[in-house]
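Reading through the structure tokens given below for one structure.
Just so it is clear: chains get the letters A, B, ... in the order the sequence lines come, proteins before strands, and each one is counted from 1. Nothing here was measured: the structure is a model prediction, and the numbers come from that model.
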Protein chains: 2
Amino acid sequence: MSARTRRTPLSRERVLAAAVELADAEGVAAVTMRRLASAVGVEAMSLYHHVPGKDALLDGLVDAVVDEATAAIRELEEGEGPRDWQQTVRRRFLTARSVMMRHPWAPGLIGTRTTIPPSVYAHYENLLATLVEAGFSYHLAHRALHTFGSMPLGFVQELFSPTATGGSTDVELTEAELMQMAEALPHVTAMVASEVHDNGDDMLGWCDGQAEFEFTLDLLLDGFARQLSARR
Amino acid sequence: MSARTRRTPLSRERVLAAAVELADAEGVAAVTMRRLASAVGVEAMSLYHHVPGKDALLDGLVDAVVDEATAAIRELEEGEGPRDWQQTVRRRFLTARSVMMRHPWAPGLIGTRTTIPPSVYAHYENLLATLVEAGFSYHLAHRALHTFGSMPLGFVQELFSPTATGGSTDVELTEAELMQMAEALPHVTAMVASEVHDNGDDMLGWCDGQAEFEFTLDLLLDGFARQLSARR
DNA sequence: ACCTGAACACCGTTCAAGT
DNA sequence: ACCTGAACACCGTTCAAGT
């Protein structure tokens, strides 16, 4: 009767795919049972036939992006020669990060979930496998799991993004406010001035999230490499 | 008229304090305008006289715990002799973590806030001051800010807490399920077995969040110490 | 100035009813 | 088996009204 073409009878996969699409477009807050239902051309209560409830839907949502990362990593590594463990780990986390950047709502959602999604166990297993094969003890590998644990999740929030300062129009500060801030936070002010100068006055791009991420990742990788050789 | 003693006419501070108390007791989800109002002995709409709205209330909630951390650090450091930058930074983050542990809902809430709370600028300023005085360039100090940025936030979620496995009663896995898991995740299984053995069969406490946190913190501190001496 | 009641537009979820 | 309508118990927020 309706103009909406829909002959496939709906399924858990279609519901989750629509939920990801909705979250990408309007954020997680927008994915309510009612709105998701109407997006998929159905009444809210019909969703309960494919998903036990809102909470399970959110769990499914994080599983969906973790699976996307899993697939991206598999594609990256297939038919590839052997690499050392640092390169392997490095590229995996960079790939995971790129997937998270496609779904900026995901890290926040993962952080609020109380149970650890089953889909990440596969990542633990893979990471453990490469570390142990590289000579890590299970104890050191366990520490690495904790240390790297929040790597793909963090770093989505920029430190000083222009939009983070406040509302829509009040980004511009008065000279008096700037003076006041410079007085209260002299080192912060000096740092911003120094970095902006080096970057050629490009105020918007002075925090390069990708570069910062790689720096931290390499710092950790170097640290574990040192631990490894010290214990050998 | 009511038995609830309440002659002080309510204030932003009292509202926020009650909100923190409510979040500690029942989680952030429980702090709704209506429930918070009744907890403070008032009707929901009265709250709008002291707080602009729900969003501002949540912002106030994170400011409250950040301020608590600020106070704890100030108390820690006052009347204390000079220390090297690594000890100073280390103790600050450990203190911040101990505050976060008192309010387990806080890191998750901070993660979802879109704007960076003004109260953390003071922490940036303090951290920058000690790093720059220790010889960090503003560029390296900037990287440190990003690297350490998520330290006090992360690590609240335990990797394999008993409650994280599922509901209330289904923590126990059947032998068949364990066998299946051991087959699918051999390294994870071996790691757990190895660590549990070392810890004397204490399954519950085999992930020591505090120890893992300190390990990562020291790894990062060592990394920056090396960066610092290499560039000198 | 501070608090309130009623109302509005939304939630997640249950339940009996349709096909 | 799958979808629906009405209903319930909750949300945040506005607005006119009380003191």
- Phosphate OP1/OP2 of D:dC3: any A:His50 side-chain N/O under 4.0 Å: yes
- Message: Can you measure B:Lys54 atom NZ to D:dC10 atom C1' for me and round it to whole angstrom units?
- Response: 12 Å
- Separation of atom CD in B:Glu43 from atom C1' in D:dA16, rounded to whole Å: 16 Å
- Task: For the pair A:Arg113 and A:Asp55, find out whether any cationic side-chain nitrogen is under 4.0 Å from an anionic carboxylate oxygen.
- Result: yes
- Straight-line distance of A:Leu36 CG to A:Glu21 CD, nearest 0.5 Å: 10.5 Å
- Query: Between B:Arg90 and B:Glu214, is there a side-chain N and carboxylate O pair less than 4.0 Å apart?
  - Reply: yes
- Query: In whole angstroms, how far is the P atom of C:dC11 from the CG atom of A:Leu22?
  - Reply: 11 Å
- Message: Can you see if the side chain of B:Tyr48 gets near the phosphate of D:dT14 - specifically, an N or O under 4.0 Å from OP1 or OP2?
- Response: no
- Query: Angle class for the A:Tyr124/A:Tyr121 ring planes (parallel below 30°, perpendicular above 60°, tilted otherwise)?
  - Reply: perpendicular
- Between B:Asp55 and A:Leu47, whichever has its closest DNA chain D nucleotide further toward 5' is A:Leu47
- Check every atom of D:dT13, D:dC3, C:dC3 against the side chain of B:Met45 and return the nucleotide holding the closest atom. D:dT13
- Query: Are A:Arg91 and A:Glu77 within salt-bridge range, i.e. N to O under 4.0 Å?
  - Reply: no
- Task: Grab the CG-C1' distance between B:Leu57 and D:dC11 for me, whole Å please.
- Result: 14 Å
- Message: So if I take every side-chain heavy atom of A:Arg34 and compare against C:dC15, D:dT13, C:dG12, which nucleotide ends up nearest?
- Response: C:dG12
- Of the candidate nucleotides D:dG5, D:dG12, C:dC11, which contains the atom at the shortest distance from the side chain of A:Arg35? C:dC11
- Could a donor-acceptor pair under 3.5 angstrom be found where the side chain of B:His49 meets the base of C:dC2? no
- Task: Can you tell me the distance, in whole Å, between the CZ atom of B:Arg14 and the P atom of C:dC2?
- Result: 13 Å
- Selected nucleotide, minimal atom distance to A:Ser46 side chain, candidates D:dT4, D:dG12, C:dC11: D:dT4
- Query: Does D:dC8 have a Watson-Crick or wobble partner in any strand here, with both distances under 3.5 angstrom, and which is it?
  - Reply: C:dG12
